[in-house]
Amino acid sequence: MSLLDSTIAQFRSLRLSATAGELATLLARAEANELSYLNFAQSLVEHELNARSSSRVSRNLKQAQFPAEKHLEAFDYRHQTTITKRQVSALLDFSFIDNRDNLVFIGPPGVGKTHLAIGIGHKAVQAGYKVLFRTALALVEDLELAEMKGELKKRLNQLSKYDVLIIDELGYLPMTRQARYNLFQLINNLYEYRSVILTTNKDFTSWGEFFHDDNVAVPIIDRVIHHSHIFMLGGESYRLKQKTGG
Ligand code: ADP
Ligand code: MG
């Protein structure tokens, strides 16, 4: 085995696989650029760190389970005029996540709520945060299943490992009393600890009605609204616009 090969194998045994894979190239580049020893050492560690952070981002992107690829770059603010690009861009310093604030997008179907939630979630992943996307329905089923197995607490704790939980389409379908209660537990667990991005077709005044039960609705609303950025979206459905070519 050559010295290069054995060195590569040693890097690999230390689990520095990105460096191991590129060692020959990194060496050749150092020689060509006459790097100092220190700069060479630094280039190795930088290479490994960059590779790790980009593989972490791709792992987190998979784990986020976004239902579709929606990018903020493709969002048309000439169609959706009830939110501005400036408002959305202001969120992308992610201080809302660091402050455990929530985002709430309220509006009728087709106005871009889910698109914005995914787009912002995607950027957050790229910035190194962990995100999970769930429809309210899937979340409620998930919690119900966990409860039946006697693992509600465990599941709630798993769900609070993410920096951001996206809850899409709250309010579209009715929920059982137990489902509402489980959802309340979840919101309670995340309150002032993690961020929620919520999309809903109901404004807060009709939440009481939706939850049928003010004992649960009021505290949920309270915790979601407190520390949150609320965006009321209006306008025409984008789906409709595309169908009619308008
Ligand atoms: P909502 O969640 O409010 O019901 P969606 O975000 O699912 O609406 O939007 C419906 C479809 O229209 C999606 O395919 C979305 O990408 C697209 N869309 C909505 N608003 C815009 C917009 N302003 N610019 C570009 N695409 C949009
Ligand atoms: Mg939607």
Side-chain angles (χ1 to χ4, degrees), residues 60-92 94 96-97 101-127 129 131-143 159 162-175 179-180 182-183 186-187 190 194-207 209-211 217 220-221 224-225 228-246:
N60 288 345
L61 207 50
K62 270 200 204 109
Q63 284 178 0
Q65 298 180 45
F66 295 123
E69 281 228 6
K70 297 289 174 189
H71 296 285
L72 289 180
E73 289 78 8
F75 196 78
D76 181 358
Y77 296 91
R78 283 166 308 176
H79 177 78
Q80 177 45 272
T81 54
T82 58
I83 191 167
T84 63
K85 187 171 183 183
R86 183 190 295 257
Q87 284 175 296
V88 174
S89 302
L91 299 171
L92 302 180
F94 301 113
F96 83 90
I97 302 178
D101 289 345
N102 303 320
L103 308 183
V104 183
F105 295 102
I106 303 177
V111 296
K113 303 183 297 297
T114 302
H115 189 133
L116 288 170
I118 296 174
I120 292 166
H122 197 279
K123 293 269 187 234
V125 170
Q126 284 175 328
Y129 295 97
V131 177
L132 181 68
F133 181 101
R134 280 282 184 273
T135 62
L137 186 66
L139 200 55
V140 156
E141 283 173 352
D142 181 338
L143 295 178
L159 289 167
Y162 298 89
D163 301 297
V164 182
L165 180 63
I166 301 178
I167 306 178
D168 195 34
E169 300 192 346
L170 185 73
Y172 284 70
L173 290 167
M175 285 183 193
R180 299 194 297 270
N182 291 344
L183 195 65
L186 174 67
I187 300 282
L190 300 175
R194 297 298 190 206
S195 294
V196 172
I197 301 181
L198 186 74
T199 84
T200 175
N201 58 345
K202 301 252 190 309
D203 75 42
F204 295 111
T205 55
S206 51
W207 278 36
E209 204 179 302
F210 170 68
F211 283 105
I220 289 188
I221 297 171
V224 170
I225 296 187
S228 81
H229 306 252
I230 296 167
F231 301 94
M232 305 282 263
L233 303 185
E236 293 280 297
S237 162
Y238 196 82
R239 295 187 189 101
L240 226 57
K241 170 199 142 153
Q242 291 197 312
K243 285 234 168 70
T244 57

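Every heavy atom of this structure was used, including side-chain atoms; hydrogens, water molecules and symmetry mates were not. One-based numbering, in listed order, for ligands and for the atoms of each.
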Trainee: Measure the CD1-OG1 distance between Ile167 and Thr135 for me, rounded to the nearest 0.5 Å.
Mentor: 10.0 Å
Trainee: I need the contact residues for ligand 1: any residue with a non-hydrogen atom closer than 4.0 Å to the ligand, ordered by chain then number.
Mentor: Lys70, Ala74, Phe75, Asp76, Gln80, Pro108, Pro109, Gly110, Val111, Gly112, Lys113, Thr114, His115, Tyr238, Arg239
Trainee: Going from CD1 on Ile120 to OH on Tyr129, what distance comes out if it is rounded to the nearest 0.5 angstrom?
Mentor: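 If we round to the nearest 0.5 Å, Ile120:CD1 and Tyr129:OH are 13.5 Å apart.
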Trainee: Which residues pass the salt bridge (charged side-chain N to carboxylate O under 4.0 Å, His left out) test with Glu73, not counting sequence neighbours?
Mentor: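 With neighbours one apart ignored, the set is Lys123.
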Trainee: Output yes when a side-chain donor or acceptor of Asp168 lies under 3.5 Å from a complementary backbone atom of Thr199, and no otherwise.
Mentor: no
Trainee: Tell me the salt bridge (charged side-chain N to carboxylate O under 4.0 Å, His left out) pairs involving residues 105-118, sequence neighbours left out?
Mentor: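 Every candidate salt bridge (charged side-chain N to carboxylate O under 4.0 Å, His left out) pair involving residues 105-118 fails, so no pair, neighbours aside, qualifies.
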Trainee: Which N, O or S atoms belonging to the protein are less than 2.8 Å from the Mg ion (ligand 2)?
Mentor: Thr114 OG1
Trainee: Output the distance between atom CD (Gln87) and atom OH (Tyr77), rounded to the nearest 0.5 Å.
Mentor: 9.0 Å
Trainee: Keeping Ser195 on the side-chain end and Val164 on the backbone end, is there a donor-acceptor pair under 3.5 Å?
Mentor: no
Trainee: What is the ring orientation for Phe105 with Phe231, classed by angle as parallel under 30°, tilted 30 to 60°, or perpendicular over 60°?
Mentor: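 Aromatic pair Phe105/Phe231 classed parallel.
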Trainee: Count the heavy atoms of every other residue, nucleotide or ligand shown that sit under 6.0 Å from CD of Gln126, and state whether that count exceeds 12.
Mentor: yes
